[in-house]
Enquirer: 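A single structure is presented below for examination.
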Amino acid sequence: MLQLYPLKFTPILKDKIWGGKKIAQLQISNDATEKTGEAWILSGVENDETLVVNGFLAENTINELIEIYMAELVGEKNFETFGYEFPLLYKVIDANDDLSVQVHPNDELALKRHDCNGKSEMWYIMDAEKDAEIILGFNQDMNQLKFLENLENKTILDILSRQKVRIGDAYYIPSGCIHALRKGVLLAEIQQTSDITYRVWDWERVDENGNSRELHVNEALEAINYNARNDGATRSQGIINGTSSLVKSPYFHTNEIALTQGIEKKYTDLDSFVTLFCVKGQGVVVANEISVEIKTGELVLIPATIDTVQIFPTNSMRILETYIL
């Protein structure tokens, strides 16, 4: 069997009612429009699996590669846990308008209702307009009855925690935490492989035919963690040409690597794939004597069998390094 190498993927684009032009401006796909809200950079979601774009494995989906290479690609523990489905989903999201106020179920509820994973995720702010903000958790003690009263009275924004964002802010959003991405934000999202979202408020928007988007209030009531409060942003330690921890969760660990010169990373003791998700700048990733160019909005997957990786920025670059422990 031929040796694995650093893998890049063709993004899957999703036009949204709230989408904008920023994904097209990244030039990671010629198919982006003025309403592209999401680019799925690496996905193993059924019917939305990204294709390899480089090397002899080009045109294979990520899950097809797992069928062939199994633990060599994802690591022994990950293969035992997740089988032939890639466990994480990576997106770039452009909020040209407000997204709905929503919540995601935890693993137990998602398994019971949808026979799939729950959805815990993180956001990394790549760009933000002046005074752009997100909604994350409640700003006061909450219970289901109080939540419903505010929802019915259309005062839901009064009970939600709003926070202005800056480029480089990172937020971990566990399942059950009510949240919303508001207009003027471009971000990278890393999440469990799941596409389950319960919308509870959509700003009373209607489409061109005058129809409101479907809401999932009844489904959300059991999913919401009414104790979830906004702990604020995590910012990297600002280590240049080194690694700063951003998120440590049961589902993934993500670090920021800020580079002005080349760096070598050793993954010898890591029983996992590693992803390098470029959120600023451009450069080259080298492993097993294979060089792969990467720029803002693109990702390189490092198979679990690769122990040493070199990263060379063109000028300066920032990368989200993610793996599962």
Side-chain angles (χ1 to χ4, degrees), residues 12 14 16-18 37-48 81-82 85-93 95 98-125 134-139 142-144 147-148 151 156-157 159-163 165 170-182 185 187-203 213-231 233-234 246-254 322 324:
I12 297 170
K14 308 273 187 176
K16 301 288 184 178
I17 191 173
W18 39 261
E38 298 184 356
W40 290 25
I41 308 301
L42 173 55
S43 167
V45 174
E46 186 176 1
N47 299 320
D48 274 312
T81 303
F82 303 105
E85 181 180 71
F86 191 73
L88 298 178
L89 170 58
Y90 301 76
K91 303 177 182 177
V92 175
I93 299 179
D98 297 326
L99 276 67
S100 62
V101 178
Q102 58 189 237
V103 69
H104 307 300
N106 62 22
D107 287 341
E108 181 181 8
L109 187 59
L111 182 63
K112 181 174 73 172
R113 289 182 176 175
H114 310 285
D115 193 29
C116 69
N117 296 323
K119 184 176 173 182
S120 291
E121 60 192 359
M122 71 162 284
W123 289 344
Y124 181 96
I125 308 301
I134 62 171
I135 289 170
L136 190 59
F138 297 104
N139 61 18
M142 190 52 51
N143 57 53
Q144 188 177 109
F147 172 76
L148 278 172
L151 188 60
I156 185 173
L157 294 183
I159 62 174
L160 299 176
S161 182
R162 299 156 67 172
Q163 179 167 329
V165 298
Y171 298 87
Y172 180 60
I173 307 170
S175 58
C177 179
I178 197 164
H179 61 279
L181 175 58
R182 305 206 63 185
V185 179
L187 59 78
E189 179 176 278
I190 301 170
Q191 58 160 96
Q192 290 176 269
T193 291
S194 171
D195 198 28
I196 305 300
T197 296
Y198 301 144
R199 287 191 293 268
V200 299
W201 175 260
D202 196 40
W203 315 95
R213 286 207 295 171
E214 181 183 4
L215 299 179
H216 316 96
V217 175
N218 290 333
E219 294 92 334
L221 292 178
E222 187 181 354
I224 293 171
N225 175 4
Y226 296 97
N227 296 317
R229 304 292 284 267
N230 184 355
D231 295 329
T234 299
L246 290 178
V247 169
K248 293 181 179 179
S249 84
Y251 306 104
F252 54 85
H253 285 222
T254 297
T322 300
I324 299 175

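None of these values were measured; they are calculated from a predicted model.
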Enquirer: Check for a donor-acceptor pair, side chain of His216 on one end and backbone N or O of Arg199 on the other, with a separation under 3.5 Å.
Expert: yes
Enquirer: Any sub-3.5 Å donor-acceptor pair from Trp203's side-chain atoms to Val101's backbone N or O?
Expert: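 No; zero donor-acceptor contacts below 3.5 Å.
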Enquirer: Give, for atom CG of Asp98 and atom CD1 of Ile135, the distance between the pair rounded to the nearest 0.5 Å.
Expert: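 Asp98 atom CG to Ile135 atom CD1 measures 7.5 Å (nearest 0.5 Å).
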Enquirer: If you define the side chain from C-beta out and look only at heavy atoms, does anything of Asp195 sit under 4.5 Å from Trp40?
Expert: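 They are in contact (side-chain heavy atoms under 4.5 Å apart), so the answer is yes.
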Enquirer: How many angstroms lie between atom CD of Gln191 and atom CD1 of Ile173, to the nearest 0.5 angstrom?
Expert: 10.0 Å
Enquirer: What pairs with His179 under ring pair (Phe, Tyr, Trp, His ring centres under 6.0 Å), at least two apart in sequence or on another chain?
Expert: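 For His179 the ring pair (Phe, Tyr, Trp, His ring centres under 6.0 Å) partners, ignoring immediate neighbours, are His104, Trp123.
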Enquirer: Would you check if the side chain of Ser161 reaches a backbone N or O of Gly137 as a donor-acceptor pair within less than 3.5 Å?
Expert: no
Enquirer: Would you confirm whether Arg213, through its side chain, and Ile17, through its main-chain N or O, come within 3.5 Å as a donor-acceptor pair?
Expert: no
Enquirer: Let me confirm one number: the CG-CG distance from Leu136 to Leu181, rounded to the nearest 0.5 Å.
Expert: 11.0 Å
Enquirer: Say whether, by atom type as modelled, one donor and one acceptor occur between the side chain of Ser194 and the main chain of Asn117 under 3.5 angstrom.
Expert: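 A pair under 3.5 Å: yes.
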Enquirer: Knowing that exactly one of Ile159, Leu221, Ile156 qualifies, which makes a side chain to side chain contact (heavy atoms under 4.5 Å, CB included) with Leu151?
Expert: Ile156
Enquirer: Does a side-chain heavy-atom distance below 4.5 Å link Val185 with Ile125?
Expert: yes
Enquirer: Going from CD1 on Ile190 to NZ on Lys91, what distance comes out if it is rounded to the nearest 0.5 angstrom?
Expert: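 Answer for the CD1-NZ pair, Ile190 versus Lys91, is 12.5 Å.
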Enquirer: Testing Asp202, Val200, Leu215, Thr197 for side chain to side chain contact (heavy atoms under 4.5 Å, CB included) with Gln102, which one passes?
Expert: Thr197
Enquirer: Working to the nearest 0.5 Å, report the span between CD1 of Ile93 and CG of Leu99.
Expert: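 Rounded to the nearest 0.5 Å, the CD1-CG separation comes out at 7.0 Å.
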Enquirer: Is Glu38 salt-bridged to Lys14, going by a charged N under 4.0 Å from an acidic O?
Expert: no
Enquirer: Take Phe82 and Thr193 through the test side chain to side chain contact (heavy atoms under 4.5 Å, CB included) and record every step on the way to the result.
Expert: CA-CA 10 Å; Phe82 303 105; Thr193 291; over 6 Å; no
Enquirer: Kindly give the heavy-atom pair with the smallest separation between Met122 and Ala170, and that separation in Å.
Expert: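 Met122 and Ala170 have their closest heavy atoms at CE-CB, 4.2 Å.
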Enquirer: Is there a donor-acceptor pair closer than 3.5 Å between any side-chain N or O of Asn225 and the backbone N or O of Cys177?
Expert: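 Side chain of Asn225 to backbone of Cys177: no pair is present.
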Enquirer: Is a side-chain donor or acceptor of Ser120 paired with a backbone partner of Pro174 at a separation under 3.5 angstrom?
Expert: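 Side chain of Ser120 to backbone of Pro174, a donor-acceptor pair under 3.5 Å: no, none is there.
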Enquirer: Ile196 and Arg113: side chain to side chain contact (heavy atoms under 4.5 Å, CB included), yes or no, with the steps?
Expert: CA-CA 10 Å; Ile196 305 300; Arg113 289 182 176 175; over 6 Å; no
Enquirer: Atom CZ of Phe252 and atom CD of Gln192: how far apart are they, to the nearest 0.5 Å?
Expert: 8.0 Å
Enquirer: Tell me whether the rings of Phe138 and Phe147 are parallel (<30°), tilted (30 to 60°) or perpendicular (>60°).
Expert: perpendicular
Enquirer: Write down the atom of Asn106, the atom of Leu109, and the distance for their closest heavy-atom approach.
Expert: OD1-N, 2.8 Å
Enquirer: With the side chain counted from C-beta on, respond yes when Val247 and Thr322 share a heavy-atom pair under 4.5 Å apart, and no when they do not.
Expert: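 With C-beta onward as the side chain, the pair stays apart.
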Enquirer: For Ser175, what residues pass the side chain to side chain donor-acceptor pair (under 3.5 Å) criterion, not counting sequence neighbours?
Expert: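 Expected list: none.
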Enquirer: Side chains of Leu187 and Ile134: closer than 4.5 Å at any heavy-atom pair?
Expert: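 Sidechains of Ile134 and Leu187: no contact.
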Enquirer: Return the orientation label for the Phe86 and Tyr90 ring planes: parallel under 30°, perpendicular over 60°, tilted otherwise.
Expert: tilted
Enquirer: Taking all non-hydrogen atoms of both residues, which atom of Ile224 and which atom of Ile178 are closest, and how far apart?
Expert: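 Scanning both residues completely, I find the closest heavy atoms to be CD1-CD1, 4.4 Å.
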Enquirer: Measure across Ser100 and Ala180 and return the closest heavy-atom pair with its distance rounded to 0.1 Å.
Expert: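 Shortest heavy-atom contact: O-CB, 3.5 Å.
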Enquirer: Let me see the working for Asp107 and Tyr251 under side chain to side chain contact (heavy atoms under 4.5 Å, CB included), right down to the final yes or no.
Expert: CA-CA 11 Å; Asp107 287 341; Tyr251 306 104; 3.1 Å; yes
Enquirer: I'd like to know whether Asn218 forms a side chain to side chain contact (heavy atoms under 4.5 Å, CB included) with Tyr198, so could you lay out the CA-CA distance, the side-chain angles of the two residues, the decisive distance to 0.1 Å, and finally the verdict.
Expert: CA-CA 9 Å; Asn218 290 333; Tyr198 301 144; over 6 Å; no
